[in-house]
Amino acid sequence: MNLYEFEAKNIFAQYGVPIPPSKLITRPQDLNKIFFGYPLTLKCQVLTGGRGKAGGIKFAKSLAEAQKIAPELLDLEIKGCKTQSLLVEPKLNITNEYYLSVTLDRELGVPVFIATSEGGVEVEQAKNVVKMPIHFPYSAFLTRTLAYKIGLNGEALNKFASIADKLYQIFIERDLDLIEINPLVAVEGNELLALDGKIVVNDDSLMRQPYFAGWLESHLVDLPKVERLAKLHGVNLVELDGDIGILCNGAGLTMATMDMVAEFGGKPANFLDAGGGSDQAKTLAALELVNKNPKLKVILLNILGGITACDDVANALVEFVKAHSNVKLVVRLRGNNQEKAKEILSHYNVKLIPDLEEAVKTAIALAS
Amino acid sequence: MNLYEFEAKNIFAQYGVPIPPSKLITRPQDLNKIFFGYPLTLKCQVLTGGRGKAGGIKFAKSLAEAQKIAPELLDLEIKGCKTQSLLVEPKLNITNEYYLSVTLDRELGVPVFIATSEGGVEVEQAKNVVKMPIHFPYSAFLTRTLAYKIGLNGEALNKFASIADKLYQIFIERDLDLIEINPLVAVEGNELLALDGKIVVNDDSLMRQPYFAGWLESHLVDLPKVERLAKLHGVNLVELDGDIGILCNGAGLTMATMDMVAEFGGKPANFLDAGGGSDQAKTLAALELVNKNPKLKVILLNILGGITACDDVANALVEFVKAHSNVKLVVRLRGNNQEKAKEILSHYNVKLIPDLEEAVKTAIALAS
Amino acid sequence: MILVNKDTKVVVQGITGKMGQTHTARMLEYGTQIVAGVTPGRGGQTVHGVPVFDTVAQAVEKTNANCSIVFVPPYLACDAGFEAIHVGVSLLVVITEGIPPNDTAKLVNYANSHKVTFMGPNCPGVVSPGHSLIGIMPGSIFKEGKVGMVSKSGTLTYEIALALTEANLGQSTCVGVGGDPVKGIEYQPVLNLFEADPHTDVIVLIGEIGGNAEEKAAQYIKEHIKKPVVGFIAGQTAPPGKRMGHAGAIISQGSGTAKSKIEAFEKANIRVAKTPGQVAKLVSELIKQPAVK
Amino acid sequence: MILVNKDTKVVVQGITGKMGQTHTARMLEYGTQIVAGVTPGRGGQTVHGVPVFDTVAQAVEKTNANCSIVFVPPYLACDAGFEAIHVGVSLLVVITEGIPPNDTAKLVNYANSHKVTFMGPNCPGVVSPGHSLIGIMPGSIFKEGKVGMVSKSGTLTYEIALALTEANLGQSTCVGVGGDPVKGIEYQPVLNLFEADPHTDVIVLIGEIGGNAEEKAAQYIKEHIKKPVVGFIAGQTAPPGKRMGHAGAIISQGSGTAKSKIEAFEKANIRVAKTPGQVAKLVSELIKQPAVK
């Protein structure tokens, strides 16, 4: 779950990571109640990167100018994400910019600090990036070594290290995938401030993080509506451009089925992994989700039951067929209880094709 | 720092350790506002053990009886500790009693769980006590093994384990020396509740525990007044029965000096370890503390300067002598800057005896 | 045959849950030695005749179990794993999906420091067909034989194993390492075991988009594995930046693509199948040849 | 001579603080090789001519320091110790008093897992008279010689060392293990080092009330130490239940008394001195005899 900049900064503040003064507004007239002085920075609150390049950050020299800019920004849509609100901050006199983040490194299997003294750009494009694995048990000295390695000294070293230490605490305590400050800026007077903030909360951890309880639905705004619905149903759906709806269990088999559709000349309408152990209700919900796609011509259902019981799937299919008799279905159903499933479906007009390649080819034929 | 039962239970509640409903009262008329039903338990809130044996826990069958008992309990002094307030709870129907604590084991160098299925008695007198070291990294399964080892099974095992897990979290997060539930009781319906609670906060950790900020002074009520004053001054003072005031630097040397006084027939009035690196102000404060003892006949000051600078001590002595010209002083002062100290004291009537044995004997002679 | 055999004695953690009960029955039916179950507070019960204990320590003490399979819910799985490792099992298989990655990282660290083989999480387990099945794989699709399989994906493993079985190509052992980004055992140690296993003639390596484990495995195969390897990569049509089911299956910032993995396989002389069905064909070609590379 | 000698190269953590500066000057004056100091944010400065670095890693890289002495405040000391251990010093001496015991427990665990000798906390350090002093002991009271000393108490060590020196009995090495209840190095490893040290003829063991380290040391001496040992225990007149200065010096529930320790010493044929001054007399008797027991 991605957080908005202002939400990330609220968490920064709770942990003592210095942030600039700021105010969140949703209407231009709220600008009258901001007394930071001018120039001001106005920033679109959107759940996507590349906001600056897309014109989502503007400066205003006066209230009049701010009131002119604010409505434009509030209307701005960036990469399909609507602006929800604006974060207004004084424009700072920046003397230096840094990048700092903590994320879990999948290759090393441990969290890592990533830092560079070139902030404000995409870290992938920066040189002299320092990546420092955080082995267990953690101790704060690591953050000072990090600060030293990106070339800091004096009070800046201690301030940077202290911020890095706090980011790590947040990362662990809040179960994050990523916490990032880009840029972390040094301003006149040598203070360090998090000018922008990004937090990605680990989706699997949401249920044990009471702080984020109820946040998920309002933070899926960047997803297409059907993917959002799927996420709330606990199934993995990715929308694609084609016309053959794909519903499988297991990520690998779903991808492989998708790949086969393409290999034999068809176009997948979606990736839908109903997950292992899908019961009747979940399978039905998944069928309904696939069916929402207006381009859909046929649904290819490929279930190889490991945890999943084929009879549960068959029952879901029966319900679906009763409600949508016009939808073309190609079904391949094997594994646990496959005979029961066959029995159940024998009373309905659902064609079972046990061979995957044949099933894929049949679906393509039905779609064209 | 010892906490009162009600304070320990407040912390239990914050961490989800089940406690009985309770109300703290300081005046008998507050009983009118308690609606738990009768019988009630009334418990003196004192910072000492052995409360039950001393008559500090009473039961009342009615409001009238409670109102008769409350004033008596509020006047009760147990082992020199005045009752501060009463904790009032419903009297529970107890089906079983357990003991459970977490403390740091100095021999093993790690925290340990201590538990037994004989609660309510002093754990030192119980049989079948299970002591389980908590090695790093901790994981909660240990608490289930603990519960199993004291003979629990079924839901009781899980409930006990969950409480043990929470005690460990409190122990670590609050920097405790001891957290203890005695007794932990099973009641009708098989719930487990902490019927009594004891928490000792580690004194060296108080400054990093904002929760306890400002608590220290009000929690030293069980100490003699001079020891309390000493603790607030950061010096280690223990009052004794004799007439020779002892002021040294370093715990070992102070104890050895005390032992020598006894060995040669004198009686120490106190143990005062001014600590390493005592400066002039701290040494003067220490002298004033020793001088508060009404039985005092002579002060034996024995400083062997390691961190402590002898000239700082000498300057403190000068100030003290100016204010208390009648106090007999025997001074042994060696180590860093001892020549400077000699020089400073040469202008005053302070006798320096470089040999420890001679100094001790001189002090004894002056006291008799 | 690697990792598990007829002598492997298994304790099922979370045996009284729905998943635990179901798969205990299936594993017993397969012939796996399920000697104990653990559910705290349920000690003294039985599940399909298997005695249930309150702690793994008891279970191991009473039954000499040397392997644990974990079905407990995501937020309790890390602790369950710690318990099994602490008590001294030599193989830990974690089926549970949705464990927070910080927990997995802790568990990996703990398993490594205790020299325990930790498989998973979010994996289908391991089967040595005809001998022992420790996991949630449907036993009927496997057949004893000479093909060693290692895979990130459960259902794709079943698909390919089924194709092999139908082509009369049995399997020595099939290992599902799981699809999480942070995990216990990865391809390399399994490859080493297959290389040393006299019952394995051909290795099938099944990968998917995300991370660079396949690239690293390919490099390792090139340098250290003499037995022939057939590879398959799922996700050639996956769009970038989208998580494809598995937490680890995501192409981020251009890395972790199927293309990169297939190229790495080809450079390492690994035969790459285009469809699951083709894996069986390639294996059958290789198994007829003498096993040189 | 054990643990430290003329070749020991020391980095002072917290060198720019009051304690750090004062004792750096004294150690330099004594002839100790103080090669570097560390205070984060003060890199590039010097203290009494010693270069200051921001991190221990830098200090060790530039100066090959192999020992660290820690003067940083109590709540930062654990992290400072971790830093030194992580970087790979072989001896860590923590002078700081008032470190929370949970922090010390963590540090002990980390030092053990890295095979680092950790002395302290709340200790006076170690001196090999005439060679190297790493700590806060007043150098002038020591003299090179044949007596090895190990003690929980700083000032009591000075008192006894002074008596020895005045009796013309020099010391090989004096080790202050510190008075905290949880600590790094305890008596036993120091006794082993003295036993093996050709420069040590007699061992002086100074204990105090609290815990059972002296009883354990006595048992160990009885079984493994051939060199003669003189013991002293402080706190014979201490009342029970009161913390006597040191966090560890407390008689609780009847255990940790001076009586118990003295009896253990006597059982192990350790000569027990009644006053600090008597230690010198006993040592002088033993040192004249051939060193058999």
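The figures that follow rest on heavy atoms only: side chains count, while hydrogens, waters and symmetry mates do not. Chain identifiers are assigned alphabetically (A, B, ...) following the order of the sequence lines, protein sequences preceding nucleic acid strands; residue numbering begins at 1 within each chain.
- Listed here is the closest heavy atom pair of D/Pro40 and A/Leu157: CB-CD2, 4.1 Å.
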Quick check - list every chain A-chain D donor-acceptor pair under 3.5 angstrom, one line each.
from     : atom 1 : to      : atom 2 : distance (Å)
A/Ser139 : OG     : D/Asp79 : OD1    : 2.6
A/Ala140 : N      : D/Asp79 : OD1    : 2.8
A/Phe141 : N      : D/Asp79 : OD1    : 2.7
A/Phe141 : N      : D/Asp79 : OD2    : 3.2
A/Arg144 : NH1    : D/Asp79 : OD2    : 2.8
A/Arg144 : NH2    : D/Asp79 : OD2    : 3.1
A/Arg144 : NH2    : D/Glu83 : OE1    : 2.7
A/Tyr148 : OH     : D/Gln58 : NE2    : 3.1
A/Asn158 : ND2    : D/Pro40 : O      : 3.0

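- Against chain D, no residue from residues 201-212 of chain A qualifies, as none has a non-hydrogen atom under 4.5 angstrom away.
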